[in-house]
Amino acid sequence: MGSKITPRSENYSQWYLDIVQNAGLAENSAVRGCMVIKPYGFAIWERMRDELDRMFKETGHSNAYFPIFIPKSFFSKEASHVEGFAKECAVVTHYRLKNAPDGSGVVVDEDAKLEEELIVRPTSETIIWDTYRTWIQSYRDLPLLINQWANVVRWEMRTRLFLRTAEFLWQEGHTAHATEKEAVEEAERMLGVYSTFAEDWMAMPVLKGLKSANERFAGAVETYCIEAMMQDGKALQAGTSHFLGQNFAKAFDVKFLSKENQLEHVWATSWGVSTRLMGALIMTHSDDKGLVLPPTLAPIQVVLVPIFKNEEMKPKILEYLRGIEAELKEKKIVVKVDDSENYSPGYKFAEYEMKGVPVRVAIGARDVENNTVEVARRDMLTKESVGREGIAERVFALLVDIQRNLYQKALELRKNLTSTVDTWEEFVDVIENKGGFVYAHWDGTTETEEKIKEKTKATIRLIPLDEGEPGKCVLTGRPSVKRVVFAKAY
RNA sequence: CGGGGUAUAGCGUAGCCCGGCUAGCGCGCCUGCUUUGGGAGCAGGAGGUCGCAGGUUCGAAUCCUGCUACCCCGACCA
C-alpha cells in the first residue's frame with residue numbers, strides 16, 4: 001500500500017481521511033461532494049444495515065420504497081419543514097438533453113422544461129405523507145410502521161467523507177399512530193433501538209436525549225437523538241428519532257376514523273441513521289495503524305495467514321490451516337484465508353490491521369511442528385503463540401473480549417472527555433482546551449444557546465431525559481431546571 | 001457565498017522567486033531471479049497535454065491575464 005497513516009497528533013482530520021482511504025473504505029467522487037463507497041467499506045455498511053434491518057423488523061416494521069423525486073409543491077405544505085429543507089436541495093428542472101448546435105457535446109434542451117420542478121429527496125416525509133393520506137382511513141389501518149432504505153441528497157456547501165456528503169445512504173422510518181402517546185412511545189422505542197445498536201454492535205457508547213428547539217428537526221415537535229464522543233473531543237450526532245405530532249398529518253390531510261367514529265389527524269414519527277455511522281465507527285475505535293472494527297460488525301472476523309518457509313512444508317501448512325478454518329466456521333465465525341503468494345506475510349499483517357480485522361491467526365512451519373498457532377488481536381496489537389487444541393473456543397472468546405474491550409475503551413475515553421462546570425470561565429476553558437461533553441446549566445432560551453455558540457462554537461448536543469438538579473445558567477445566571485450537554489460537534 | 005491556499009505519472013512530491021527541462025525523486029505498477037515468522041532484495045522496464053485558455057519571449061512547469069477544479073477556515077448540516 002502507498003502512504004501510511006499520519007500520526008494522530010499531527011492532524012486528526014487527515015488521520016481520519018487516511019484511514020478511510022487506505023483501509024479501502026471510500027473515496028471522493030469526481031462529482032462534487034459525493035462519495036464512492038468501495039467494496040470493503042460497503043461490506044461494513046451492509047453489516048450495519050443487516051443488523052438494523054433485523055432490529056426494525058423485530059419491532060414490527062416493514063420495508064417499503066418511495067420515489068426519489070418529490071414535486072416542489074410538497075415542500076410548501078408544512079411551514080417549518082419548508083424553513084429547514086427548502087434550501088440546499090438538488091432540483092430537476094428539465095427532462096431532456098440535445099446535441100449542442102456547435103457540436104461541442106450535449107446541452108439541456110430548453111424546450112424540455114418541467115412544469116413543476118422535482119426535488120431530489122433530501123428526506124421523504126412529504127412524499128410519504130402524501131401517500132399515507134390514501135393508505136389511512138380507519139383506526140384499523142394504524143399503526144402504520146414503515147421503513148425505507150434509500151439514498152438522499154443534500155447540497156451541502158462543505159462535505160466530508162461519510163460525515164457529510166452531498167449524497168448519502170440511510171434508512172428513514174415513517175410511522176403513523178392513532179394517539180399521541182403511541183407516537184411518542186414509538187419515537188422513544190426507536191431511539192432505544194439506535195442506542196442498543198450503537199452500544200452493542202458498534203461498541204460505541206452514546207448519550208440519549210432531546211434536542212433543543214434550535215437543533216430540532218424541521219417539522220418535529222420533539223427530536224430525540226443519540227450523541228457519541230469522538231477521540232478528538234468533538235461530538236457526533238449518530239442518530240435521530242422525531243416525534244412529529246400532527247404536523248405532517250395536518251399538512252397532508254391524513255385523517256382516520258376512530259373507534260368512536262371521530263375524524264382525527266394521525267400522530268407521526270420519523271427516525272433515521274445514515275452512512276455517517278461509518279464515520280462514527282472509524283473515529284471511535286481507529287488508531288494510527290488504521291481501522292479497528294468491533295467483531296460483531298467486521299466483514300472478516302478472523303484472517304488466517306500461512307507463512308511458507310520452503311516448498312515441502314506448503315501442503316502441510318495449508319492442511320493444518322484448513323483444519324483450523326473448518327473449526328472456526330463451525331462456530332459461525334467469519335473467516336478469510338489469505339493464502340495468496342503475491343504478498344509477504346508482513347505485508348498481509350499490515351494490510352489486515354489497516355482494514356481492522358479483529359483477530360489474525362498466523363501459521364508457519366514452526367506451528368505445524370509444535371502443534372501451535374500465533375493469535376494476534378487488533379484492538380491491543382498483541383500476539384501470542386497458543387496450542388492448537390481448542391483454538392475455535394479460544395478465538396470465539398477472544399472476539400467476545402475484543403467487543404467488550406472496545407466498548408470499555410470508548411467508554412473510558414468518553415468519561416475522560418466529560419466535564420461538569422458551573423461557571424462561565426470554566427465552561428470556556430473546558431470547551432477550548434479540553435473539548436468533550438460539558439454538563440452545564442442553561443436557562444432554556446434559544447437566545448442564550450446562540451450566544452454560547454457564537455462565543456465558543458459549542459452547541460447543546462442534547463437535553464438529558466432524566467430528571468436533574470436545578471441550578472443557574474452558566475452564561476446568564478438565570479434559573480435552570482437541569483444541566484444540558486454542550487460540545488463542539490461535527 | 002466570504003477569507004486563505006493548492007493544481008507536475010495511479011498516489012505523494014522536487015523544480016517556480018532568479019525562464020535554458022530532453023521535467024527529477026519516493027511509493028505503487030510490469031518482467032526476471034532470489035525471497036516469505038512484521039509492509040522483502042537486486043536488476044531491468046512502462047507510465048507526463050506540468051489543471052484549462054490566451055499572452056510576453058529566440059525559448060515558459062517557471063513570468064503576466066482570465067477561467068476551472070480541489071483543499072483548509074467561516075456561514076449550513078445526518
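Below, chains carry the letters A, B, ... as their sequence lines are ordered, and counting in each starts from 1. The structure presented is a predicted model; accordingly, all values stated were derived computationally and were not measured.
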*Asks:* Tell me which of A/Phe308 and A/Trp170 sits closer to the 5' end of RNA chain B, going by the nucleotide each one is nearest to.
*Replies:*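 This one resolves to A/Phe308.
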*Asks:* What is the nucleic acid contact for A/Ala238, judged by heavy atoms within less than 4.0 Å: base, sugar-phosphate only, or nothing?
*Replies:*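 Here A/Ala238 touches no strand at all.
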*Asks:* Pairs under 3.5 angstrom only: tabulate donor-acceptor contacts from the side chains of residues 198-210 of chain A to other protein residues two or more places apart or in another chain.
*Replies:*
residue	atom	partner	partner atom	Å
A/Glu199	OE2	A/Val206	N	2.9

*Asks:* Hey, can you tell me if A/Trp170 and A/Phe168 have their rings parallel, tilted or perpendicular (30° and 60° cut-offs)?
*Replies:*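 Because their plane-to-plane angle is over 60°, the rings of A/Trp170 and A/Phe168 count as perpendicular.
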*Asks:* Rounded to whole angstroms, how far apart are CH2 on A/Trp15 and P on B/C72?
*Replies:*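 Going from CH2 in A/Trp15 over to P in B/C72 covers 16 Å.
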*Asks:* Might you work through the side-chain contact (heavy atoms from CB on, under 4.5 Å) test for A/Val485 and A/Glu227, ending with a clear yes or no?
*Replies:* CA-CA 10 Å; A/Val485 180; A/Glu227 291 277 333; over 6 Å; no
*Asks:* Please report, rounded to the nearest Å, how far the C1' atom of B/U36 is from the CD atom of A/Glu311.
*Replies:*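 Distance, rounded to whole Å: 11 Å.
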*Asks:* Salt bridge or not for A/Lys451 and A/Glu447, using N-O below 4.0 Å?
*Replies:*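 So A/Lys451 pairs with A/Glu447 through a salt bridge.
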*Asks:* Side chain of A/Lys309 only, heavy atoms from C-beta on: which candidate in B/G38, B/A78, B/G37 is closest?
*Replies:*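 Nearest nucleotide to the side chain: B/G37.
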*Asks:* Between A/Trp129 and A/Tyr132, what is the ring plane arrangement, given parallel below 30°, perpendicular above 60°, and tilted in between?
*Replies:*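 Rings of A/Trp129 and A/Tyr132: perpendicular, as their planes differ by over 60°.
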*Asks:* Which part of the nucleic acid, if any, lies within reach of A/Lys314 when heavy atoms closer than 4.0 Å are counted: base, sugar-phosphate only, or nothing?
*Replies:*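 Contact class for A/Lys314: none.
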*Asks:* A/Glu454 has an atom CD; how far is it from atom C1' of B/G74, in whole Å?
*Replies:*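 Distance check: A/Glu454 CD to B/G74 C1' gives 13 Å.
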*Asks:* Is RNA chain B part of any stem, that is, at least 3 consecutive Watson-Crick or G-U pairs with both distances under 3.5 Å, and where?
*Replies:*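 If one scans RNA chain B for consecutive Watson-Crick or G-U pairs, the stems found are B:1-7 with B:68-74, B:10-13 with B:24-27, B:29-34 with B:40-45, B:51-55 with B:63-67.
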*Asks:* What does A/Ser340 touch in the nucleic acid at a heavy-atom separation under 4.0 angstrom: a base, only the sugar-phosphate, or nothing?
*Replies:*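 Result for A/Ser340 = nothing.
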*Asks:* May I have the distance from A/Asn342 (atom CG) to B/G28 (atom P), rounded to whole angstrom?
*Replies:*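 Roughly 14 Å, once rounded to whole Å.
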*Asks:* Under 4.0 Å between any heavy atoms, over every strand shown, what does A/Arg360 touch: base, sugar-phosphate, or nothing? Just pick one.
*Replies:*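 Touches a base.
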*Asks:* Distance check: side-chain N/O of A/Ser274 vs OP1/OP2 of B/A78, anything under 4.0 Å?
*Replies:*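 Answer is no, no contact under 4.0 Å.
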*Asks:* Of the listed nucleotides (B/G39, B/G37, B/C76), which one gets closest to any side-chain atom of A/Asp367?
*Replies:*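 The answer is B/G37.
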*Asks:* So, is A/Lys211 close to the B/A78 phosphate, meaning a side-chain N or O under 4.0 Å from OP1 or OP2?
*Replies:*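 For B/A78, neither OP1 nor OP2 has a side-chain N or O of A/Lys211 closer than 4.0 Å.
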*Asks:* Roughly how many Å apart are B/U62 and B/G20, using the C1' atom of each and rounding to a whole number?
*Replies:*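 These two C1' atoms come out 11 Å apart once rounded.
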*Asks:* If each of A/Ile307 and A/Thr275 is mapped to the nucleotide of RNA chain B with the nearest heavy atom, which maps nearer the 5' terminus, i.e. the 5' end?
*Replies:*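 Nearest nucleotide further toward 5': that of A/Ile307.
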*Asks:* Examine A/Lys77 relative to A/Phe74 and say whether NZ or CZ is less than 6.0 Å from the centre of the six-membered ring and inside a 45° cone about the ring axis.
*Replies:*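 Geometry flag: set, cation within 6.0 Å and 45°.
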*Asks:* Does A/Lys457 place a side-chain N or O at less than 4.0 Å from the phosphate oxygens OP1/OP2 of B/G74?
*Replies:*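 Answer is yes, contact under 4.0 Å.
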*Asks:* Of all the nucleotides listed (B/C77, B/A78, B/G39), which has the minimum atom distance to the side chain of A/Ala350?
*Replies:*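 Selected nucleotide: B/G39.
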*Asks:* Under 6.0 Å from the ring centre and within 45 degrees of the ring axis: does the NZ or CZ of A/Arg388 meet both conditions for the six-membered ring of A/Tyr320?
*Replies:*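 Verdict for A/Tyr320: a cation-pi partner in A/Arg388.
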*Asks:* With the threshold set at 4.0 Å, does a side-chain nitrogen-carboxylate oxygen contact exist between A/Glu341 and A/Lys314?
*Replies:*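 Judged by the 4.0 Å cut-off on N to carboxylate O distance, A/Glu341 and A/Lys314 do form a salt bridge.
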*Asks:* When you compare B/G66 with B/G26, how far apart are their C1' atoms, in angstrom units rounded to a whole number?
*Replies:*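 Those two atoms are separated by 36 Å.
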*Asks:* Between the protein and nucleotides 29-34 of chain B, which nitrogen or oxygen pairs come in under 3.5 angstrom?
*Replies:*
none

*Asks:* Is A/Lys57 paired with A/Asp53 through a side-chain N to carboxylate O contact shorter than 4.0 Å?
*Replies:*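 A/Lys57 and A/Asp53: salt-bridged.
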*Asks:* Atom CZ of A/Arg377 to atom C1' of B/G38: distance rounded to whole Å?
*Replies:*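 Value for this atom pair: 19 Å.
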*Asks:* A/Trp271 vs A/Tyr194 aromatic rings, parallel, tilted or perpendicular, using cut-offs 30° and 60°?
*Replies:*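 Perpendicular: the ring planes of A/Trp271 and A/Tyr194 meet at over 60°.
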*Asks:* Just by distance, with hydrogens left out, do A/Arg461 and A/Thr459 show a side-chain donor and acceptor under 3.5 Å apart?
*Replies:*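 Looking only at side-chain atoms, A/Thr459 and A/Arg461 do form a donor-acceptor pair, the distance falling under 3.5 Å.
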*Asks:* What nucleotide among B/U36, B/G37, B/C76 has an atom nearest to a side-chain atom of A/Glu156?
*Replies:*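 So the nucleotide nearest the side chain must be B/C76.
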*Asks:* Applying a 4.0 Å non-hydrogen cut-off, can you work out what A/Leu277 is touching in the nucleic acid: base, sugar-phosphate, or nothing?
*Replies:*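 Nothing, no nucleic acid heavy atom in range.
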